[in-house]
Number of protein chains: 2
Amino acid sequence: MYLPHPQTDQISLPNVLSVLGDPTRLAIVAELARKDDGPVTCSHFLDICSKTNLSYHLAKLRESGVTHTEASGTSRFTTLRRADLDRRFPGLLDSVLAGTGDLASPAVEKAGNAQSA
Amino acid sequence: MYLPHPQTDQISLPNVLSVLGDPTRLAIVAELARKDDGPVTCSHFLDICSKTNLSYHLAKLRESGVTHTEASGTSRFTTLRRADLDRRFPGLLDSVLAGTGDLASPAVEKAGNAQSA
DNA sequence: TCCTTAGTTCAAAATTCATTGAACAATTGG
DNA sequence: CCAATTGTTCAATGAATTTTGAACTAAGGA
């Protein structure tokens with residue numbers, strides 16, 4: 001019933017960065033922020049990726065300390081751990097979220113990183 | 001002679017995040033910051049990883065827009081693109097660098113991400 | 001010129017990560 | 001109770017990433 005989450009002080013920077021470095025997860029986090037940091041059910045994100053894949057990405061976000069997820073009935077409610085992240089890495093989340101504004105869709109982002117050598 | 005670098009406005013957020021999400025590269029960037037943003041030669045980082053592997057990571061950093069590298073003689077001088085990053089993603093670099101303070105060594109960081117489910 | 005220094009490139013191996021479909025579990029409404 | 005809804009887990013696959021060693025280039029000093 002209760003899902004494991006890292007405590008605030010054991011949230012790891014490289015971990016958070018690489019978790020947020022995935023375009024699908026970044027889109028999830030941006031949407032969460034747009035929804036006032038949640039809570040939001042998993043199915044809310046179904047336009048971003050498949051159900052099974054969503055499970056995977058939401059687990060990554062939770063395990064890295066970026067989100068909090070809590071089960072209730074057949075649903076799971078996810079929130080952004082904004083206060084915890086701000087305490088652990090002041091300014092990080094804000095600057096990341098600001099950067100998601102001019103972001104193309106995750107699909108485009110995934111394709112469009114050709115660097116000419 | 002001249003190495004390719006992305007222009008400031010085409011630096012991609014997910015790209016920067018995943019590039020910085022690697023502990024070895026984060027250590028390189030932290031060291032660069034400690035050295036006043038450089039310039040610093042490649043060999044300066046040889047205590048962090050092998051020469052050949054360093055080539056790989058420095059290329060990633062350069063291609064993502066995090067660093068600038070310029071050849072001179074048999075050496076290459078690398079600097080942090082702090083001003084460009086600040087313009088593109090205000091506050092991001094500062095908060096990341098602040099977070100590297102309490103960072104364990106890259107090796108430890110690589111090993112120590114066991115999440116109990 | 002020869003040797004050393006600085007760093008790269010290439011191909012292979014090892015690892016990790018993301019995505020999928022099938023099967024499953026649990027809760028809830030009718 | 002039955003069926004639908006919500007979401008998970010598992011195993012497989014494919015794709016990217018990281019790491020390594022060997023061979024290489026280019027510049028500079030003796």
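A note on names: the letters A, B, ... follow the listed sequences, proteins ahead of strands, and every chain is numbered from 1. The shown structure was predicted, so the numbers you read here are calculated from the model rather than taken from an experiment. These numbers come from the heavy atoms of this one structure, side chains and all, not from hydrogens, waters or symmetry mates.
Side-chain N/O atoms of A:Ser50 and A:Thr52 include no donor and acceptor closer than 3.5 Å.
A 6.0 Å sphere centred on CG of B:Asp9 holds more than 12 heavy atoms belonging to other residues, nucleotides or ligands.
Within the structure, a side-chain polar atom (N or O) of B:His57 is placed less than 4.0 Å from OP1 or OP2 of D:dT19.
Counting to the nearest Å, the C1' atom of C:dT8 and the CG atom of B:Leu46 are 13 Å from each other. Following rounding to the nearest Å, B:Leu61 (CG) and C:dG7 (P) show an atom-to-atom distance of 15 Å. The distance between atom CG of A:Asn53 and atom C1' of C:dC17, rounded to the nearest whole Å, is 11 Å. As rounded to whole Å, 12 Å separates atom P of D:dT18 from atom CG of B:Leu20. Rounded to a whole Å, the CD1 atom of B:Ile28 is 14 Å from the C1' atom of C:dG7. Rounded to an integer number of Å, the gap from CD1 of A:Ile48 to C1' of C:dA18 is 16 Å. Between the P atom of C:dA18 and the CG atom of A:Leu54 lies a distance of 14 Å, rounded to the nearest Å. Regarding A:Lys51, its NZ atom lies at a distance of 8 Å from the C1' atom of D:dT5, rounded to whole Å.
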Requested in this report: Decide yes or no on side-chain contact (heavy atoms from CB on, under 4.5 Å) for A:Gln7 and A:Asp84, but give the supporting numbers first.
Outcome: CA-CA 9 Å; A:Gln7 287 176 274; A:Asp84 292 337; over 6 Å; no

Query raised in the report: side-chain contact (heavy atoms from CB on, under 4.5 Å) between A:Thr78 and A:Leu61: does it pass, once the steps are laid out?
Result: CA-CA 10 Å; A:Thr78 296; A:Leu61 285 166; over 6 Å; no

**Report entry** Working for side-chain contact (heavy atoms from CB on, under 4.5 Å), residues B:His5 and B:Arg62
**Finding:** CA-CA 6 Å; B:His5 295 81; B:Arg62 172 176 51 78; 3.4 Å; yes

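Between A:Arg82 and A:Asp94, at least one side-chain N (NZ, or NE/NH1/NH2) sits under 4.0 Å from a carboxylate O, which counts as a salt bridge.
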Pick out the pairs of N or O atoms, protein on one side and nucleotides 9-15 of chain D on the other, that lie under 3.5 Å.
residue, atom, partner, partner atom, Å
D:dT9, O4, A:Thr52, OG1, 2.8

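Mapping B:Phe77 and A:Ser18 onto DNA chain C by nearest heavy atom places B:Phe77 closer to the 5' end of the strand.
Residues B:Arg76 and B:Ser43 form no side-chain contact, since every pair of their non-hydrogen atoms from C-beta on lies 4.5 Å or further apart.
For A:Thr74, counting side-chain heavy atoms from C-beta on, the closest listed nucleotide (C:dT8, C:dT5, D:dT5) is D:dT5. Picking from D:dT20, D:dT18, C:dA18 the nucleotide with the shortest atom distance to the side chain of A:Asp22 gives C:dA18. Here C:dA18 is the nucleotide among C:dA18, D:dT18, C:dG7 with the atom lying nearest to any side-chain atom of A:Lys60.
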